[in-house]
J.: 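Could you have a look at this structure, given as structure tokens, before my questions?
Each chain gets a letter, A, B and so on, in the order its sequence line appears, and its residues count up from 1.
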Amino acid sequence: MLVYDGPAGTRAVRLVEVEAYLGAADPASHAYRGPTRRTAPMFGPPGRSYVYFVYGMYHCMNVVAERVGVAGAVLLRGAEPLEGAGDDPRALAGPGKLARALGLTTAHTNMDLVRSPLSIRDAPAVPASRVVRTARIGLATGSTAHQPWRFYVRGSLGVSRR
DNA sequence: CGAATGATCCGA
DNA sequence: CGGATCATTCGA
């Protein structure tokens with residue numbers, strides 16, 4: 001689950017859809033061409049956030065997943081509301097909508113997700129039989145475009161495309 | 001400095 | 001399928 005104790009109170013959601021992004025080996029990744037000011041968190045320590053702004057109006061959040069110097073992150077694409085996040089899972093179905101619902105912006109990039117108001121915590125385990133693995137969404141081109149690096153919980157209304 | 005573009009979403 | 005809308009990135 002993802003918890004944000006922010007200015008609007010505590011908001012908690014149960015993550016049901018994610019995608020993995022690598023570095024130099026993944027043309028679809030922001031980290032493909034090496035670190036920049038924006039993507040620096042992707043090359044930093046694991047367990048921190050990487051939030052970026054795109055299409056002039058949306059923010060998307062990732063969880064950095066590799067050791068320092070190695071790019072790797074998990075894009076949070078969908079969730080179900082638990083607390084303070086409304087009661088409609090469809091409002092959390094999609095990375096832009098998820099970030100918006102929690103009130104996340106680029107100010108929340110590079111935060112320590114273990115010890116900060118924005119945190120990732122354990123949630124009840126999901127049986128492997130309910131986890132679906134598919135290709136990632138919204139990628140233009142690239143050799144990794146068809147890799148099955150998207151995971152979601154079968155049947156959840158918080159999944160962006162079903 | 002200018003131009004292109006994007007890990008999206010919504011509405012027609 | 002196109003438009004919204006702008007920070008970031010790359011090339012000149």
J.: Can you tell me, in whole Å, how much space there is between the P of B:dT5 and that of C:dG2?
T.: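 Looking at atom P only, B:dT5 and C:dG2 are 15 Å apart.
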J.: Take the protein atom OH of A:Y58 and the nucleotide atom C1' of C:dA4, then report the distance between them rounded to whole Å.
T.: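 Nearest whole value for this atom pair: 8 Å.
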J.: Nearest whole Å is fine: how far is C:dC10 C1' from A:R33 CZ?
T.: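 So the CZ-C1' distance, A:R33 to C:dC10, works out to 9 Å.
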J.: Regarding A:G56, tell me which of base, sugar-phosphate or nothing describes its non-hydrogen contacts under 4.0 Å with the strands shown.
T.: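 Touches a base.
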J.: Judged by each residue's nearest nucleotide on DNA chain B, which is more toward the 5′ side, A:L139 or A:R100?
T.: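 So the residue in question is A:L139.
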J.: Hey, are A:D26 and A:R136 close enough for a salt bridge, meaning a charged N less than 4.0 Å from a carboxylate O?
T.: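 Salt bridge: yes.
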J.: Select base, sugar-phosphate, or nothing to describe what A:T36 touches, counting heavy atoms under 4.0 Å on all strands.
T.: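 If one applies the 4.0 Å heavy-atom cut-off, A:T36 turns out to touch the sugar-phosphate alone, with no base involved.
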J.: A:M61 has an atom CE; how far is it from atom C1' of B:dA7, in whole Å?
T.: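 The answer, rounded to whole Å, is 14 Å.
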J.: Counting only N and O atoms by type, is there a donor-acceptor contact under 3.5 Å from the side chain of A:R133 to the main-chain atoms of A:P148?
T.: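 Confirmed, A:R133 side chain pairs with A:P148 backbone.
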J.: I need the CD-C1' distance between A:E17 and B:dA7, as an integer number of Å.
T.: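 Going from A:E17 (CD) to B:dA7 (C1'), I get 11 Å.
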J.: Compare the minimum distances between each of C:dT9, B:dT8, B:dG6 and the side chain of A:R77, then state the nucleotide with the smallest one.
T.: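 So the nucleotide nearest the side chain must be B:dT8.
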J.: Whether the side chain of A:S49 engages the backbone of A:V51 through a donor-acceptor N/O pair (distance < 3.5 Å, no angle test) should be reported.
T.: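 Flag not set: sc A:S49 to bb A:V51 has no pair under 3.5 Å.
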J.: Taking the six-membered ring for Trp, are A:Y52 and A:H30 ring centroids under 6.0 Å apart?
T.: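 Yes, the ring of A:Y52 comes within the 6.0 Å limit of the ring of A:H30, centre to centre.
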J.: For the pair made of CZ in A:F53 and C1' in B:dC9, what is the distance, rounded to whole Å?
T.: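 Distance check: A:F53 CZ to B:dC9 C1' gives 13 Å.
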J.: A:M57 CE to C:dG3 C1': how many Å, rounded?
T.: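 To the nearest whole Å, that distance equals 8 Å.
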J.: Is the backbone of A:P35 close enough, under 3.5 Å, to the side chain of A:T39 for a donor and an acceptor to pair up by distance?
T.: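 Between the backbone of A:P35 and the side chain of A:T39 there is no qualifying donor-acceptor contact (under 3.5 Å).
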J.: Name the stems that DNA chain C belongs to, where each is three or more consecutive Watson-Crick or G-U pairs with both distances under 3.5 Å?
T.: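 So far as stems of 3 or more pairs are concerned, DNA chain C shows B:1-6 with C:6-11, B:8-11 with C:1-4.
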J.: Measure the distance from CZ on A:R38 to P on C:dA7 and round it to the nearest whole Å.
T.: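 Rounding to the nearest Å, CZ of A:R38 and P of C:dA7 are 13 Å apart.
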J.: Using a cut-off of strictly less than 4.0 Å, decide whether A:R37 has a side-chain nitrogen or oxygen near OP1 or OP2 of C:dT9.
T.: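 Answer is no, no contact under 4.0 Å.
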J.: Could you tell me whether the side chains of A:S160 and A:E17 share a donor-acceptor contact shorter than 3.5 Å?
T.: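 Per modelled atom types, A:S160 and A:E17 side chains form a pair under 3.5 Å.
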J.: Under 5.5 Å between ring centres and under 30° between planes: does that hold for A:Y21 against the base of B:dA7?
T.: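 Yes, the aromatic ring of A:Y21 stacks with the base.
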J.: Quick check: does any side chain N or O of A:R162 sit under 3.5 Å from a backbone N or O of A:S156, one acting as donor and the other as acceptor?
T.: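 Looks like yes, one N/O pair under 3.5 Å.
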J.: Would you kindly give the CG-to-P distance between A:L75 and B:dT8, to the nearest whole Å?
T.: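 Taking CG of A:L75 and P of B:dT8, I get 7 Å after rounding.
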J.: Where the side chain of A:N62 is defined as all heavy atoms beyond and including C-beta, which of B:dT8, C:dT9, B:dA7 is the nearest nucleotide?
T.: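 Of all the options, the side chain of A:N62 is nearest to B:dA7.
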J.: Is A:Y55 stacked against the base of B:dT8, taking the criterion as centroid distance under 5.5 angstrom and interplanar angle under 30°?
T.: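 By the stated criterion, A:Y55 and B:dT8 stack.
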